[in-house]
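I have placed the structure first, in the form of structure tokens, so that the comments after it can refer back to it.
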Number of protein chains: 2
Amino acid sequence: MSIDPDLLREEALFASLGAAGRKAVAASANLRHLGAGVCAFAQGEPIDEIFLLLSGCLKLARISWGREAVILRIVHPGELFDLGHGPPPHRHDATASALRDSTLAVWPAASWQRLLREVPGLPLGLVQQLGLELAETQGRFLEIASLDVPRRLAHAVLRLIERAGRQEAGGMRIDFPLSQQDLAALTGTTLHNVSRILTRWERGGLITGGRRTLLVRDIPALTRLATAEA
Amino acid sequence: MSIDPDLLREEALFASLGAAGRKAVAASANLRHLGAGVCAFAQGEPIDEIFLLLSGCLKLARISWGREAVILRIVHPGELFDLGHGPPPHRHDATASALRDSTLAVWPAASWQRLLREVPGLPLGLVQQLGLELAETQGRFLEIASLDVPRRLAHAVLRLIERAGRQEAGGMRIDFPLSQQDLAALTGTTLHNVSRILTRWERGGLITGGRRTLLVRDIPALTRLATAEA
DNA sequence: CGTATTCTTGACTTATATCAATGTCGGTGG
DNA sequence: CCACCGACATTGATATAAGTCAAGAATACG
């Protein structure tokens, strides 16, 4: 029931904490490994742990009204997830599954509450994080509310590249396996539509597709496409 | 440069504060009145004040890529707004305009930062608020990503009724002027579509429309419509 | 090798945006 | 008080993006 405080040194969330604070926070955390495809938690389960992604990559997906799953967000290293709950009873409103092997820091909910009250600066870090997450969610809402599918997809891909792009000969590659189904769930469209658009882009030399992988060859062109007037 | 601490007593945001804390918070706040239609701030302006809506109603709208405005949220009394900013430079990412006469509590950004550091419990209240706002935004994202326009509209109307419904002979009325254009911007569709759907509902006896007003006569039916399988 | 994912592609349908025109209400000022 | 104007709402015709249905090909994996 304790992890190395140095693991937390880099995280923005704990930037406003002193060494003592970080030590206290680390003291009640556990490390957990998640193999690709494994769930950290599932929609509907009670919330009794708080998670911070240290390495790897997750998707937070939610199903409602019996429809296809929608991906609320992709979680990148350094981010807490499953904050932002509605009114009690507190249950996970989404399913978190690893897109690749990942490591998490995990706090029991009770300890986390205590830390929040006792470690000065921690709530402020949280406010910061939540603010960023809110801003991003609003941004995606705006996209889906006002742009057509190709443009939304372009935005989604660019965001992924920015957050998890690996430099490679010929372009930037999304550094984890992501199916076209996932891209569809991320942009609120269907697999078929994504496939068509991706093929078109591939013909145009913008990208090179593959099975659960994507290499972006021409970022400026994609950016133009994402924001073009018409 | 100070308002009555009792004004803040009811706000959930300050629930975890003692009387002393509330007094400190109230001490650096100002009251401000906004006539219907007036803006508290506009998209792009630097953020140098923090706002809490005490009474009335606002809309937070954002324009991007030269398209129609999208309403990010309707702000109801008791809510802070324009939290959740991205990385610096901090500028308002939306325009806040009053839908009816409103009163705000206003803090200079600097004072607010100081309060956040010095008043115990305040950051926690903020975390709570941000969590709720995030949950709602995610909910709306889910709707727009997976439901067709009539269902989205039903959800939007129901949410408005729940938050700002006034009991009336024959049903619940949305207690502030809201144009069909606004409803369209709220659900990511067009004025025309909203008009058609509303007339259909009116024929079905679900609602009674009017110029910038809406009376919901049959909430259960609308609810059914909002979530129906197909 | 064969089986299961993941992806591609085509034909078709439908929801929804767009274009265009008309109507109605409410406030303003003559 | 009436006439006018601007904001808001209704409605129809049309175009098109995107969803649905259906089938098949490519790739990974056991």
Side-chain angles (χ1 to χ4, degrees), chain A residues 35-37 59 65-70 97 99-100 143-154 156-157 174 176-204 207-215 225 228-230, chain B residues 35-37 59 65-70 97 99-100 143-154 156-157 174 176-204 207-215 225 228-230:
Chain A
K59 63 176 173 182
W65 310 293
R67 277 151 220 280
E68 294 264 308
V70 171
S97 51
L99 288 168
R100 52 180 303 183
E143 285 172 20
I144 204 173
S146 57
L147 300 180
D148 58 17
V149 176
R151 270 179 273 259
R152 294 192 322 243
L153 189 58
V157 169
I174 294 178
F176 52 84
L178 191 73
S179 70
Q180 301 193 355
Q181 177 65 59
D182 288 331
L183 277 172
L186 208 47
T187 46
T189 182
T190 62
L191 164 64
H192 310 276
N193 231 322
V194 170
S195 180
R196 281 181 233 277
I197 294 163
L198 254 34
T199 327
R200 186 164 3 119
W201 288 352
E202 187 149 13
R203 278 197 241 287
I207 61 165
T208 303
R211 213 181 164 70
R212 284 162 145 280
T213 185
L214 196 64
L215 176 71
L225 218 159
E229 185 62 33
Chain B
K59 64 175 174 184
W65 310 294
R67 275 152 223 278
E68 295 264 307
V70 171
S97 50
L99 288 167
R100 53 179 303 183
E143 284 171 20
I144 205 175
S146 57
L147 300 179
D148 58 19
V149 176
R151 271 179 271 260
R152 295 194 318 246
L153 189 57
V157 169
I174 295 179
F176 51 85
L178 192 73
S179 69
Q180 301 194 355
Q181 176 65 61
D182 288 331
L183 278 173
L186 207 46
T187 46
T189 183
T190 61
L191 163 64
H192 309 276
N193 231 322
V194 170
S195 180
R196 280 181 234 276
I197 293 164
L198 253 35
T199 22
R200 187 166 359 121
W201 288 352
E202 187 150 11
R203 278 196 241 287
I207 61 164
T208 304
R211 212 182 166 69
R212 284 161 145 288
T213 185
L214 195 63
L215 176 71
L225 219 159
E229 184 62 33

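Throughout, a chain's letter reflects where its sequence line sits, starting with A, and its residues are numbered from 1. Side chains are part of it too, since the values below use all heavy atoms of this structure and drop only hydrogens, waters and symmetry mates.
Atom CZ in Arg200(B) sits 10.5 Å away from atom CD1 in Ile207(B) (nearest 0.5 Å). Once rounded to the nearest 0.5 Å, the distance linking CG of Leu186(A) with NZ of Lys59(A) reads 10.0 Å. The CG atom of Leu183(A) lies 12.5 Å from the CZ atom of Arg152(A); values are rounded to the nearest 0.5 Å. We find the CG-CZ distance between Asp148(A) and Arg151(A) to be 4.0 Å, quoted to the nearest 0.5 Å. To the nearest 0.5 angstrom, Leu214(B) atom CG is 10.0 Å from Phe176(B) atom CZ.
Between chain B and DNA chain D, the heavy-atom contact criterion of under 4.0 Å yields a 5' to 3' nucleotide range of dG6(D) to dA13(D).
The number of heavy atoms from other shown groups lying within 6.0 Å of CD (Glu68(A)) does not exceed 12.
Regarding Leu191(A), its CG atom lies at a distance of 12 Å from the C1' atom of dT9(C), rounded to whole Å. Rounded to an integer number of Å, the gap from CH2 of Trp201(A) to C1' of dT8(C) is 17 Å. For the pair Arg200(B) CZ and dA15(C) C1', the computed distance is 11 Å after rounding to whole Å. In this structure, the CG atom of Leu214(A) is 13 Å from the C1' atom of dC7(C), given to the nearest Å. For the pair Asn193(A) CG and dT13(C) C1', the interatomic distance rounds to 14 Å; values are reported in whole Å.
Nearest heavy atom pair, residue Leu198(A) against residue Gln180(A), reads CD2-NE2, 3.6 Å. The two residues Thr187(A) and Ile144(A) come nearest to each other via the heavy atoms O-CD1, 3.8 Å.
If you check distances only, the side chain of Arg203(A) never reaches the base of dT9(C) with a donor-acceptor pair under 3.5 Å. A donor-acceptor contact under 3.5 Å is not formed by the side chain of His192(B) with the base of dT18(C).
At a threshold of 4.0 angstrom between heavy atoms, the contacts of Arg212(B) are confined to the sugar-phosphate backbone, with no base atom among them. Residue Ser195(B) is classed as a base contact, given a heavy-atom separation below 4.0 Å to a base.
The 5' end of DNA chain C is approached more closely, in terms of each residue's nearest nucleotide, by Glu202(A) than by the other of Glu202(A) and Pro150(B).
Counting heavy atoms from C-beta on, the side chains of Ile197(B) and Thr189(B) never come closer than 4.5 Å.
The side chain of Thr199(A) contributes an N or O atom lying less than 4.0 Å from OP1 or OP2 of dT9(C).
DNA chain C lies under 4.0 Å from at least one heavy atom of each of the following residues of residues 177-190 of chain B: Gly188(B), Thr189(B), Thr190(B).
The nucleotide whose nearest atom lies closest to any side-chain atom of Arg196(A) is, among dA11(C), dA17(C), dT18(C), dA11(C).
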